Amino acid sequence: MGFFSKLRDKTRPQSDAPQVEPISDEDFEQRVLKSARPVLVFLWSSTCPYCAKMAPNVKNVYSRTRHLLDAFHANVADAPHIAAWAQVRSVPTTVLAINGKIIEIVGGFKPEQYLEELIQTRLALPQYNANHPG
């Protein structure tokens with residue numbers, strides 16, 4: 001699965017390494033729209049150099065925030081329904097969703113700190129925190 005398969009840390013056992021899971025149009029409804037947890041969805045393209053630079057940031061941020069949410073990734077060419085849901089206009093696009101509703105759409109390359117602060121801030125808001133205490 002493209003970028004993320006290359007990011008596995010070979011020195012740690014796979015069970016310890018947090019994985020940003022691949023997602024498809026077929027399992028999107030169950031894994032994202034019906035999720036009891038907030039989700040981060042990273043949308044990318046194999047021809048996008050910024051996507052390749054952004055993928056490690058998403059993985060690293062997820063490793064620090066996995067207690068708060070689940071994370072998925074999809075190639076927009078292989079997941080047109082997910083891309084339409086996320087209103088993708090360009091890649092990379094990263095979406096934060098709660099109860100299947102988009103809370104934030106982040107377009108383009110962003111540093112880890114930006115993503116982590118976005119997650120921490122948005123999930124700390126009372127209207128989200130009441131339903132998802134973490």
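Model, not experiment: these values are computed from the prediction. The residues of the chain are indexed from 1 along the displayed sequence.
- Between I82 and F72 the shortest side-chain heavy-atom distance does not fall below 4.5 Å.
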Worked verdict on F42 versus M54 for side chain to side chain contact (heavy atoms under 4.5 Å, CB included) = CA-CA 9 Å; F42 176 65; M54 182 74 170; 3.3 Å; yes
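- Note: W85 CH2 to L33 CG = 6.5 Å, rounded to the nearest 0.5 Å.
- Among all heavy-atom pairs drawn from D25 and P80, the shortest one is OD2-CD, 3.1 Å.
- Using a 4.5 Å cut-off on side-chain heavy atoms (C-beta onward), P38 and L68 make no contact.
- V76 approaches S45 most closely through the heavy-atom pair CG2-CB, 4.4 Å.
- A pairwise comparison of heavy atoms in V20 and K59 identifies CG2-CA, 3.9 Å as the closest pair.
- The shortest side-chain heavy-atom distance between H73 and W44 falls under the 4.5 Å cut-off.
- For D27, the side chain to side chain contact (heavy atoms under 4.5 Å, CB included) partners two or more places apart in sequence, or in a different chain, are I23, S24, R31.
- Considering all non-hydrogen atoms of both residues, Y50 and P92 come closest at CB-CD, 3.9 Å.
- Between V106 and T93 there is no side-chain heavy-atom pair separated by less than 4.5 Å.
- Side-chain contact between V41 and T94 is absent, with no heavy-atom pair separated by less than 4.5 Å.
- Every side-chain hydrogen bond (donor to acceptor under 3.5 Å, both in side chains) that D70 has, sequence neighbours left out, goes to R37.
- No side-chain donor-acceptor contact under 3.5 Å links S35 to the backbone of V32.
- Nearest heavy atom pair, residue V88 against residue L43, reads CG2-CD1, 3.6 Å.
- Proximity of V95 to L40: side-chain heavy atoms (C-beta onward) are nowhere separated by under 4.5 Å.
- Under the side-chain contact (heavy atoms from CB on, under 4.5 Å) rule, T65 has a single partner from N60, L123, I119, which is I119.
- Listed by first and then second residue, the salt bridge (charged side-chain N to carboxylate O under 4.0 Å, His left out) pairs that reach into residues 85-111 are E104-R122, sequence neighbours excluded.
- Here the closest heavy-atom approach between residue Q113 and residue E117 is recorded as NE2-OE2, 2.8 Å.
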